[in-house]
Engineer: 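Before I ask anything, let me first share the structure, which is written out below as structure tokens.
Below, chain A is the first sequence line, B the second, and so on; all start at residue 1.
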2 protein chains.
Amino acid sequence: MSKPLVAPEAGAVELETVDDVLALVRARGGRATSSRRVILDVLFEAQDHLTAEDLTEAVQARAPDVHISTVYRNLEDLQRLGVIVHSHLGHGPATYQLASLAHAHFICSTCGARVEAPDEWFGSLAQKAKSQLGFTIDPHHFAIVGRCASCS
Amino acid sequence: MSKPLVAPEAGAVELETVDDVLALVRARGGRATSSRRVILDVLFEAQDHLTAEDLTEAVQARAPDVHISTVYRNLEDLQRLGVIVHSHLGHGPATYQLASLAHAHFICSTCGARVEAPDEWFGSLAQKAKSQLGFTIDPHHFAIVGRCASCS
DNA sequence: GTGCTTGCAAACGTTTTGCAGACTC
DNA sequence: GAGTCTGCAAAACGTTTGCAAGCAC
């Protein structure tokens, strides 16, 4: 795993299974509900980013009564625990994924193509921001917009 | 003026006054309406980024009947002409400004502080994106999130 | 039993759209 | 006069919130 540009949130480490997360939830006074478990199952299984709606759809395939507002509330809680992060890849809805899988993105403003951007490419920018502004960047949150090869 | 990382849209050059823009609008088959003129007046006078709501408020101080939907429609048209750009600096509304004044931003996820980011700092990232992915970045559109000096 | 969590419905903030009338050229 | 643009109202979109019932501990 590459060295993170930003230190992970306390609690983000060593959460490799749904049960690990539920244990953390309980340690913080939360409950291990079945909705929570299904939402986590889907998040752990997904290899791609999921919007709240994608996630709700996948969750409802297994537990039809889980409402999208429950999904949003869980996503917020899980972010607060440092388990997941959300990012904005374009003008649509936010996308969510496990914090350990977070990475930066380029998106083409013409065709919408998304490309993963290696964290190392941000080293020089991160260093300048740090030394000259004291600013620690997290390049994952918003995508970098531009024009892809075929749209240039 | 610094060398842009991205070539300006056709038509974005040499538009230094409201009348220049209105001439361009007319050249493209559009009309030089009074709403359009007031909206442009405000955009040219503003030194900061403006949200659609800010802009509407400023416009209505001079022309009270201009509706926010007219503002949005004009903002869209002016973007299509390359006169202005919008950017997303956080989770709130988009902000608009003249294309010639566009720049990148760092915003602190804790306190919301905004700092302007010099385009040169993106040189190495732009180069890697270009040489390895053929991707031409425009670092202005989405802010780079992080933690400012006092919130670190 | 306490109190966290849920489903539902309704609100929210931002942006877009349909329409009939008004204006620019 | 042709066709663009406007004001208004309403809808769309993603997300959040209030509430009363339900569940985990």
Engineer: Would you kindly compare B/His91 and B/Arg31 by the position of their nearest DNA chain C nucleotide and give the one closer to the 5′ end?
Structural biologist: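 It is B/His91, whose closest nucleotide lies nearer the 5' terminus.
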Engineer: Does B/Arg26 reach a base, just sugar-phosphate, or nothing at all? Heavy atoms under 4.0 Å.
Structural biologist: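 Sugar-phosphate, backbone atoms only, no base.
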Engineer: Return the value, rounded to whole Å, for the distance between atom CG of B/Asp77 and atom P of C/dT17.
Structural biologist: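 Going from B/Asp77 (CG) to C/dT17 (P), I get 12 Å.
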Engineer: Would you kindly give the CG-to-C1' distance between B/Leu22 and D/dT4, to the nearest whole Å?
Structural biologist: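 Distance, rounded to whole Å: 14 Å.
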Engineer: Taking atom P of D/dT16 as reference, at what distance in whole Å does atom CG of A/Leu75 sit?
Structural biologist: 9 Å
Engineer: Rounded off to whole Å, could you give me the CD1-to-P distance for the A/Ile68 and C/dC8 pair?
Structural biologist: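 These atoms are roughly 13 Å apart.
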Engineer: In this structure, how many angstroms lie between the C1' atom of C/dT14 and the NE2 atom of B/His88, rounded?
Structural biologist: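 So the NE2-C1' distance, B/His88 to C/dT14, works out to 11 Å.
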Engineer: Distance check needed: C/dA20 C1' versus B/His67 NE2, whole Å only.
Structural biologist: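 Rounded to the whole Å, the gap is 15 Å.
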Engineer: With a 4.0 Å cut-off on N to O distance, would you call A/Arg62 and A/Glu57 a salt bridge?
Structural biologist: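 Looking at A/Arg62 and A/Glu57, the cut-off is not met.
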Engineer: Main chain of B/Ala117, side chain of B/His103: is a donor-acceptor contact present, judged purely on distance under 3.5 Å?
Structural biologist: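 The answer is no, because no donor-acceptor pair under 3.5 Å joins these two groups.
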Engineer: Anything under 30° is parallel, anything over 60° is perpendicular, the rest tilted; go ahead and classify A/His91 against B/His86.
Structural biologist: tilted
Engineer: Indicate whether any N or O donor in one side chain lies under 3.5 Å from an N or O acceptor in the other, for B/His105 and B/His140.
Structural biologist: no
Engineer: Identify which nucleotide among D/dC25, D/dA2, C/dT15 has an atom closest to any side-chain atom of A/Ala32, counting heavy atoms from C-beta outward.
Structural biologist: D/dC25
Engineer: Taking the minimum atom-to-atom distance to the side chain of B/Thr33, which one of D/dC5, C/dT5, C/dG7 wins?
Structural biologist: D/dC5
Engineer: Choose from C/dT15, D/dT6, C/dT5 the nucleotide whose nearest atom is closest to any side-chain atom of B/Ser35.
Structural biologist: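 Looking only at heavy atoms from C-beta outward on B/Ser35, the closest nucleotide is D/dT6.
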Engineer: To the nearest Å, give me how far apart CG (A/Leu89) and P (D/dG14) are.
Structural biologist: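 Distance check: A/Leu89 CG to D/dG14 P gives 14 Å.
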Engineer: So how far is it from B/Ser124 OG to A/Phe122 CZ, rounded to the nearest 0.5 Å?
Structural biologist: 10.0 Å
Engineer: Across the strands shown, which category fits B/Ser69 at heavy-atom distances under 4.0 angstrom: base, sugar-phosphate, nothing?
Structural biologist: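 It contacts base atoms.
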Engineer: Which nucleotide in the set D/dT4, C/dC8, C/dC19 lies at the smallest distance from any side-chain heavy atom of B/Arg36?
Structural biologist: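 Closest nucleotide to the B/Arg36 side chain: D/dT4.
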Engineer: Consider the side chain of B/Asp65, meaning its heavy atoms from C-beta on, and name the nucleotide among D/dG7, C/dT5, C/dT15 that approaches it most closely.
Structural biologist: D/dG7
Engineer: Report the residue (A/Gly30 or A/Thr51) whose heavy-atom-nearest nucleotide on DNA chain D is the more 5′ of the two.
Structural biologist: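 Of the two residues, A/Thr51 wins.
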Engineer: How far apart are the closest heavy atoms of A/Gly134 and B/Ser152, and which atoms are they?
Structural biologist: O-OG, 4.0 Å
Engineer: With nearest nucleotides of DNA chain C determined for B/Ala52 and A/Ile39 from heavy-atom distances, which residue corresponds to the more 5′ nucleotide?
Structural biologist: A/Ile39
Engineer: Is A/Gly29 touching bases, backbone alone, or none of the nucleic acid, heavy atoms closer than 4.0 Å?
Structural biologist: sugar-phosphate
Engineer: Would you state whether a donor and an acceptor, one from the side chain of A/Arg73 and one from the base of C/dG7, lie under 3.5 Å apart?
Structural biologist: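 Indeed, a donor on one side and an acceptor on the other fall under 3.5 Å apart.
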Engineer: Taking OP1 and OP2 of C/dT16, is either one under 4.0 Å from a side-chain nitrogen or oxygen of B/Tyr72?
Structural biologist: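 Checking C/dT16 against B/Tyr72, no side-chain N or O comes under 4.0 Å of OP1 or OP2.
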Engineer: How long is the line joining CZ of B/Arg28 and P of C/dC25, in whole Å?
Structural biologist: 17 Å
